[in-house]
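What follows is one structure encoded as C-alpha cells, with my remarks underneath.
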Amino acid sequence: MELVTGGAGFIGSHLVDALVEKGKKVRVIDNFSSGRMEFLSHHNDEVEIIKCDLLDFESLKKTMQGIETVHHLAANPDIRLGTQVTDTDLKQGTIATYNILEAMRINNVTNISFASSSAIYGEAEEMPTSEKYGPLLPISLYGASKIASETLITAWIGTFGGKAWIHRFANIVGPRGTHGVIFDFIHKLKKTPNRLEVLGDGFQEKSYMSVSDCVNSMIHLIENANKDVNLYNLGTGDTCSVRRIAEIVVEESKIDQVNIEYTGGKRGWAGDVPKTFLNVNKLLETGFKPTRMSEETIRDCVIDLIDEIGL
Ligand code: NAD
C-alpha cells in the first residue's frame, strides 16, 4: 500500500492516478485545505481516502500502518502567503514533515518520496542550477520550509535507515491546477476581460513541467534510483518568461484587444525569485525525458484550465 499525503491536491491527485494505473493500492491523507474530493471521485476501492491533518500526530500514526512508501506532497503551496502569515510554512512544511518521519519510524515504514522545490536555491548564481549548487540560501519562507524538510529527511535516513527520493520541482502545471501564474491570469481575465495585470515586469523566467511528466518522473526515479538518498531536479531544461505566458493566455482566450499591464519591478512579490532554471541532466541520465518543453506545456495547460474554469 502506498500513502500519498496531499493526495487530493493538484499534483497529488495526478500521482494517485499514475500509481493506480500501475496496479498499486493507494491510501490518501489530506485535510482538504486546498485539495478537492472531486479530483479523486473517479476512483473506487483501489483508493482509500482519509481526512487527516498532518499536524494531528496521533491520527497520522494510525494511517502509517501497512504502508510501503510515503509520497509526501502535502504542504502550503502558496509561496506568497509567507509574506502575510509567517508560521504557515513552518507548520504545514517543516513540522508536518517531522510528523511524517516520526510516524514512519514508529511504524517501521522506510521509504519516503518528497515534493521539494526549486525555491530552495534562492537567487542562485549558477544557471542552470544543478543539484550540487550551494550554499542553499532560499529567500522565501516556503523555500526555507522545503530545505528544512529535506534536511530532516536525510537526517532520519542517516540515523534510522531507509530510502529517500527528494524531487526538486520546477513550476508544475496542468489540469486540476488550483494556483499559480496561469490559474491567476485566467481568473483575472474572467473578471476583467480587456485588462490583464502582470505582477512584476514580466521578465521573470522559470521552467514549466507538465503535471503528467512530473508524476511519471517521480515514479521513474523511485523505480530506477537506488541510493539511500536520491536527490533530483525535476523540470524541462528550458524556461519561459511571464510575458510569454501572458501572451499565450491572451491568444488562447480568443478575446480581442486585451491590455497587458505590468506592475513593474523584477519580482512579482517579496520572496519571488525572478529567474529559476534547473539543470535536469541528472534526471535525463536516468533515461527519463519530459514529453514537452516549457512553452508547449504552458499552452496545453492554458487550454485545459480555460476549459475547466471557463471564460
Ligand atoms: P496543492 O495545494 O494542490 O496540494 C497540497 C495538498 O496538501 C492539498 O490537497 C491540501 O489540501 C493538502 N494539505 C495541505 N496541508 C495539509 C495538512 N496539514 N495536512 C493534510 N493535508 C494538507 O498543491 P500542489 O501544487 O499539488 O503541490 C503539491 C506539492 O508539490 C507541495 O508540497 C508543493 O509545495 C510542491 N511543489 C509544487 C509546485 C507547483 O508548481 N505546483 C512546485 C514545487 C513544489
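Whatever order the structure lists ligands and atoms in, that order sets their numbers, starting from 1. These numbers were taken from a predicted model, which means no experiment stands behind them. All values below were derived from every heavy atom in this structure, side-chain atoms included, with hydrogens, water molecules and symmetry-related copies excluded.
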### Task
Applying ring-ring contact (aromatic ring centres under 6.0 Å, His included), name anything that partners F183, two or more places apart in sequence or on another chain.
H187

### Task
Please report which non-hydrogen protein atom sits nearest to atom 28 (C) of ligand 1, along with the residue it belongs to and the distance in Å to one decimal place.
L73 O, 3.5 Å

### Task
Could you tell me whether N171 and ligand 1 have an N or O pair separated by under 3.5 Å?
no

### Message
Any side-chain to backbone donor/acceptor pair from N99 onto L54? Under 3.5 Å, distance only.
### Response
yes

### atom 8 (C) of ligand 1 [closest protein heavy-atom partner, distance rounded to 0.1 Å]
S34 OG, 3.3 Å

### Query
So does K266 pair up with E123, basic N to acidic O under 4.0 Å?
yes

### Query
Taking NZ, NE, NH1 and NH2 as the nitrogens, is one of them in K206 or D272 under 4.0 Å from a carboxylate oxygen of the other?
yes

### Protein heavy atom at shortest distance from atom 19 (N) of ligand 1
L54 N, 3.0 Å

## Note on the structure
Under 4.0 Å from one or more heavy atoms of Q92, ligand 1 contributes atoms 15 (N), 16 (C), 17 (C), 18 (N)

### Query
Would you say S116 and ligand 1 have an N/O pair spaced under 3.5 Å apart?
no

#### Entry: Residue, atom name and distance, where the atom is the protein heavy atom closest to atom 11 (O) of ligand 1
D30 OD1, 2.6 Å

### Query
In ligand 1, which numbered atoms sit nearer than 4.0 Å to a non-hydrogen atom of F32?
11 (O)

### Summary
For C52, the atoms of ligand 1 under 4.0 Å from one of its heavy atoms are 19 (N), 20 (C)

### Query
Looking at ligand 1, does H179 have a heavy atom less than 4.0 Å from it?
yes

### Message
Suppose we measure from atom 4 (O) of ligand 1 to each protein heavy atom; which comes out shortest, and what is that distance?
### Response
G9 CA, 3.7 Å

### Numbering as shown, the atoms of ligand 1 that approach D53 to under 4.0 Å (heavy-atom distance)
17 (C), 18 (N), 19 (N)

### Task
Keeping the roles fixed (side chain from E68, backbone from N111), state whether a donor-acceptor pair exists under 3.5 Å.
no

### Summary
Besides Y142, the hydrophobic cluster formed by Ile, Leu, Val, Met, Phe, Trp and Tyr side chains linked at under 4.5 Å, directly or via other members, contains I79, L199, W269

#### Entry: Close approach, K91 and ligand 1, non-hydrogen under 4.0 angstrom
no

### Message
Quick test of your reading of the model: are E247 and R244 salt-bridged, counting only N-O distances below 4.0 Å?
### Response
yes

### E251 and R299 ion-paired at < 4.0 Å
yes

### Task
Check whether any heavy atom of S118 sits under 4.0 Å from an atom of ligand 1.
no

### Query
Of all the heavy atoms in G180, does at least one lie under 4.0 Å from an atom in ligand 1?
no

### Task
Give the residue, atom name and distance (to 0.1 Å) of the protein heavy atom nearest atom 5 (C) of ligand 1.
A75 O, 3.8 Å

### Task
Check whether any N or O atom of G12, backbone or side chain, sits under 3.5 Å from an N or O atom of ligand 1, and answer yes or no.
no

### Query
Should you measure from each heavy atom of G35, which atoms of ligand 1 turn up under 4.0 Å away?
8 (C), 9 (O), 10 (C), 11 (O)

### Message
Tell me whether ligand 1 is touched by L55 - counting only heavy atoms on the residue side and a distance under 4.0 Å.
### Response
no

### Query
If we only count N/O pairs under 3.5 Å, is I172 in contact with ligand 1?
yes

### Message
For residues M209 and I219: do they belong to one hydrophobic cluster (side chain heavy atoms under 4.5 Å, members Ile, Leu, Val, Met, Phe, Trp, Tyr)?
### Response
yes

#### Entry: Nitrogen or oxygen atoms of I11 and ligand 1 under 3.5 Å apart
yes

### Message
Restricting to non-hydrogen atoms, name the atom on E197 and the atom on F185 that form the minimum distance, rounded to 0.1 Å.
### Response
O-CE2, 3.9 Å

### Task
Hey, could you give me the NZ/OG1 distance between K61 and T63, rounded to the nearest 0.5 Å?
11.5 Å

### Task
Return the minimal non-hydrogen interatomic distance between Y121 and N233, and the atom names on each side.
OH-OD1, 2.8 Å

### Task
Please determine if I29 has a nitrogen or oxygen closer than 3.5 Å to a nitrogen or oxygen of ligand 1.
no

### Message
Looking only at distances, can you tell me whether any N or O atom of F10, backbone or side chain, sits closer than 3.5 Å to an N or O atom of ligand 1?
### Response
yes

### Message
Taking only non-hydrogen atoms of A170, do any sit less than 4.0 angstrom from ligand 1?
### Response
yes

### Query
With a cut-off of 4.0 Å, which atoms of ligand 1 are near a heavy atom of A74?
7 (O), 13 (N), 21 (N), 22 (C)

### Task
Output, in order, the C-alpha distance, side-chain angles, deciding distance and verdict of side chain to side chain contact (heavy atoms under 4.5 Å, CB included) for Y208 and V181.
CA-CA 11 Å; Y208 293 83; V181 62; 4.0 Å; yes

#### Entry: Check: T69 side chain, I112 main-chain N or O, donor-acceptor pair, under 3.5 Å
no

### Task
Starting from atom 22 (C) of ligand 1, locate the nearest protein heavy atom and write down its residue, its atom name and how far away it is, to 0.1 Å.
N31 OD1, 3.1 Å

### Task
Compute the shortest N/O to N/O distance between N76 and ligand 1 and return yes if it is under 3.5 Å, no if not.
no

### Message
I need the K146 NZ to L136 CG distance, nearest 0.5 Å.
### Response
14.5 Å

### Task
Say whether S212 and H14, considering side chains only, have a donor N or O and an acceptor N or O under 3.5 Å apart.
no

### Task
Examine ligand 1 and decide if any of its atoms is less than 4.0 Å from a heavy atom belonging to S33.
yes

### Task
Considering the heavy atoms of S117, write down every atom of ligand 1 situated less than 4.0 Å from one of them.
43 (C), 44 (C)

### Message
Assess the residue pair E150 and R168 against the criterion (salt bridge (charged side-chain N to carboxylate O under 4.0 Å, His left out)); give the C-alpha distance rounded to whole Å, side-chain angles, the decisive distance to 0.1 Å, and a yes or no.
### Response
CA-CA 10 Å; E150 287 192 10; R168 292 178 174 167; 2.7 Å; yes

### Query
Can you tell me the protein heavy atom closest to atom 34 (O) of ligand 1 and the distance?
Y142 OH, 2.6 Å

